[in-house]
> 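Before I ask anything, here is the structure I am working with.
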Protein chains: 2
Amino acid sequence: MKADKISELTTNRLSIYLRCLNELAHEGRKTVSSDRLAKRFHLNSAQIRKDLACFGEFGVRGVGYYIEDLREQITRILGLDHHHRVAIIGAGRLGAALTDYYGFRQTNFEVAALFDADPDKIGSLISDVRVFDVKDFAKIVKKEGIDVAVIAVPAEYAQKVLEEIVDAGIKAVMNFAPTPLLADDDIKLKTIDLTISLESLSYFLARPGKNGRE
Amino acid sequence: MKADKISELTTNRLSIYLRCLNELAHEGRKTVSSDRLAKRFHLNSAQIRKDLACFGEFGVRGVGYYIEDLREQITRILGLDHHHRVAIIGAGRLGAALTDYYGFRQTNFEVAALFDADPDKIGSLISDVRVFDVKDFAKIVKKEGIDVAVIAVPAEYAQKVLEEIVDAGIKAVMNFAPTPLLADDDIKLKTIDLTISLESLSYFLARPGKNGRE
DNA sequence: TCGCGGTGTTTCACACTTGAAACAATATGA
DNA sequence: TCATATTGTTTCAAGTGTGAAACACCGCGA
């Protein structure tokens with residue numbers, strides 16, 4: 001197929017498939033068919049084949065997929081074979097929790113620096129990561145070879161911080177501030193808005209009987 | 001309109017509108033039209049009117065919306081005028097960070113109890129919240145009047161924890177474990193999967209020139 | 001009283017995603 | 001050799017969300 005317009009939904013599913021394959025590999029299985037994979041993990045077999053076909057032909061007709069091989073392929077497609085260095089802006093509780101977040105290490109991301117404007121925090125260590133003055137952001141980014149930024153500051157500062165991030169040449173940003181941010185099209189910006197999720201739960205609790213799954 | 005099938009996308013937008021109104025109210029404005037709101041916050045005016053019309057007639061023709069009034073209405077619709085008591089299962093770093101998360105207080109959620117299986121943690125206090133043995137979950141839930149649960153345990157335990165949560169009679173669950181969970185239709189389950197978001201950034205960085213906004 | 005501005009509502013076209021179905025192609029094993 | 005299993009690919013229908021357009025209705029101020 002080799003479509004060049006890959007939906008983010010597709011790559012999200014690749015993440016899921018990768019986890020499923022890891023589980024199967026852990027059990028010692030060698031091959032799996034899209035049908036078995038779908039039945040086991042409540043997925044859709046046609047979708048699995050379509051998603052994978054976007055990136056090449058990884059299966060063997062009549063057999064299925066070699067689990068080890070497919071794991072490597074998906075790992076490569078998702079870029080998980082590359083190392084990334086992360087800056088977290090905002091050394092509050094969220095920033096500190098994220099510094100320790102196991103998911104970063106798991107996905108080959110390394111928290112290389114924290115940034116804050118609070119003089120009491122600047123210079124300190126959080127989980128062995130140094131807190132720098134946000135004024136020195138661009139300089140440290142260059143020196144440390146940072147290519148990913150995480151926004152963990154209050155909503156009112158988020159847009160300004162994002163602009164500094166972009167000015168420093170970073171293209172991939174994860175935003176935890178509860179506000180939509182504006183950025184150019186060549187910047188990959190993912191916003192994780194916990195407040196919206198909470199208010200969605202609140203809405204559900206306020207009107208029993210109706211539902212919606214995310 | 002009074003449609004009874006409200007999309008979650010609609011309620012998510014209500015959350016956004018509420019924030020915008022808060023900002024406007026803070027500036028001392030009294031009324032706002034859907035057009036001004038849309039232009040100011042990069043929204044779509046037709047969508048705003050449609051979303052609001054799902055729940056009643058809040059505007060005044062020829063005038064727009066009274067900001068204070070609309071804030072109250074949306075607050076009521078989203079159930080933010082009700083207090084909720086939250087249990088966090090998993091007293092690790094993520095659980096601890098969430099216990100302190102300001103967004104909970106902001107949305108009228110109160111973290112009432114933490115749960116863990118680690119004897120070293122049970123009985124301790126984290127930000128003034130007691131850590132209980134997860135074995136006592138149902139008992140404490142009843143005693144403390146808890147109606148919302150947050151899953152902050154490793155992925156392999158998440159499904160089991162969810163079942164205990166459901167058995168305890170809780171209907172609203174937020175899951176931070178990086179795995180899709182299965183639950184009945186009458187349970188509101190929101191999964192925040194940071195790993196998928198990270199892998200999405202990784203994919204983007206691995207293939208420069210292509211993009212996608214979440 | 002009249003015109004302007006803005007809501008409430010309907011309608012339509014477009015895009016995207018999903019899931020099913022069908023089928024050719026092709027390894028494997030009997 | 002041949003049946004079977006399963007991929008890779010195309011096609012189609014259904015559902016959902018978006019955004020524009022049109023317009024009736026109505027409050028306000030001139």
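Chain naming here is simple, since letters A, B, ... match the order of the sequence lines and numbering starts at 1 in each.
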> How many Å lie between CG on Leu43(A) and C1' on dT18(C), as a whole number?
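The answer, rounded to whole Å, is 13 Å.
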> Whole angstroms only, please: what is the CD1-P distance between Ile67(B) and dT7(C)?
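In whole Å, dT7(C) P and Ile67(B) CD1 are 12 Å from each other.
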> Scan residues 164-174 of chain B for pairs that pass side chain to side chain donor-acceptor pair (under 3.5 Å), counting only residues two or more places apart or in two chains.
Lys171(B)-Asp186(B)
> Taking salt bridge (Lys or Arg N to Asp or Glu O under 4.0 Å) as the definition, give me every residue that meets it alongside Asp35(A), ordered by chain and number, with sequence neighbours left out.
Lys39(A)
> For residues 105-115 of chain A, dump all side-chain donor-acceptor pairs below 3.5 Å to protein atoms at least two apart in sequence or in another chain.
residue: Arg105(A); atom: NH2; partner: Asp100(A); partner atom: O; Å: 2.9
residue: Thr107(A); atom: OG1; partner: Gly103(A); partner atom: O; Å: 2.7
residue: Thr107(A); atom: OG1; partner: Phe104(A); partner atom: O; Å: 3.1
residue: Asn108(A); atom: OD1; partner: His83(A); partner atom: ND1; Å: 3.4
residue: Asn108(A); atom: ND2; partner: Leu80(A); partner atom: O; Å: 2.9
residue: Glu110(A); atom: OE1; partner: His83(A); partner atom: NE2; Å: 2.7
residue: Glu110(A); atom: OE1; partner: Arg85(A); partner atom: NH1; Å: 3.2

> Roughly, in whole Å, what's the span from CZ in Phe58(A) to C1' in dT6(D)?
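Those two atoms, CZ and C1', are 17 Å apart.
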> Output all residues satisfying side chain to side chain donor-acceptor pair (under 3.5 Å) with Thr31(B), sequence neighbours left out; order by chain, then residue number.
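So Thr31(B) forms no side chain to side chain donor-acceptor pair (under 3.5 Å) with any residue.
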> Measure the distance from CG on Asp51(A) to P on dT10(D) and round it to the nearest whole Å.
15 Å
> Once salt bridge (Lys or Arg N to Asp or Glu O under 4.0 Å) is applied, do any residues pair with Arg40(B), and if so which ones, sequence neighbours excluded?
Glu23(B), Glu27(B)
> Under 4.0 Å between any heavy atoms, over every strand shown, what does Leu9(A) touch: base, sugar-phosphate, or nothing? Just pick one.
sugar-phosphate
> In whole angstroms, how far is the P atom of dG19(D) from the NE2 atom of His42(B)?
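Rounded to whole Å, this separation is 14 Å.
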> Going by the rule side chain to side chain donor-acceptor pair (under 3.5 Å), which residues pair with Asn175(A) if we only count those two or more places apart in sequence or in a different chain?
Thr191(A)
> Among residues at least two apart in sequence or on other chains, which ones pass salt bridge (Lys or Arg N to Asp or Glu O under 4.0 Å) with Glu163(B)?
none
> Does OP1 or OP2 of dT16(D) have a side-chain N or O of Ser7(B) closer than 4.0 Å?
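So the side chain of Ser7(B) is outside the cut-off, no N or O lying under 4.0 Å from OP1 or OP2 of dT16(D).
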> Please report the distance, rounded to the nearest Å, between CG in Leu52(B) and P in dG6(C).
16 Å
> At under 4.0 Å between heavy atoms, which parts of nucleotides 20-30 of chain D does protein reach? Answer with one letter per nucleotide, 5' to 3': B base, S sugar-phosphate only, - none.
B---BBBSS--
> So does Gly95(A) get a backbone contact from the side chain of Thr99(A), meaning a donor-acceptor N/O pair under 3.5 Å?
yes
> Would you kindly give the CD-to-P distance between Gln47(B) and dG6(C), to the nearest whole Å?
20 Å
> Just so I know, are the side chains of Asp116(B) and Ile89(B) near enough to count as touching, which here means a heavy-atom distance under 4.5 Å?
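Of all side-chain heavy-atom pairs linking Ile89(B) with Asp116(B), none is under 4.5 Å.
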> Which residues in residues 29-38 of chain B have at least one heavy atom lying under 4.0 Å from any atom of DNA chain C?
Ser33(B), Ser34(B)
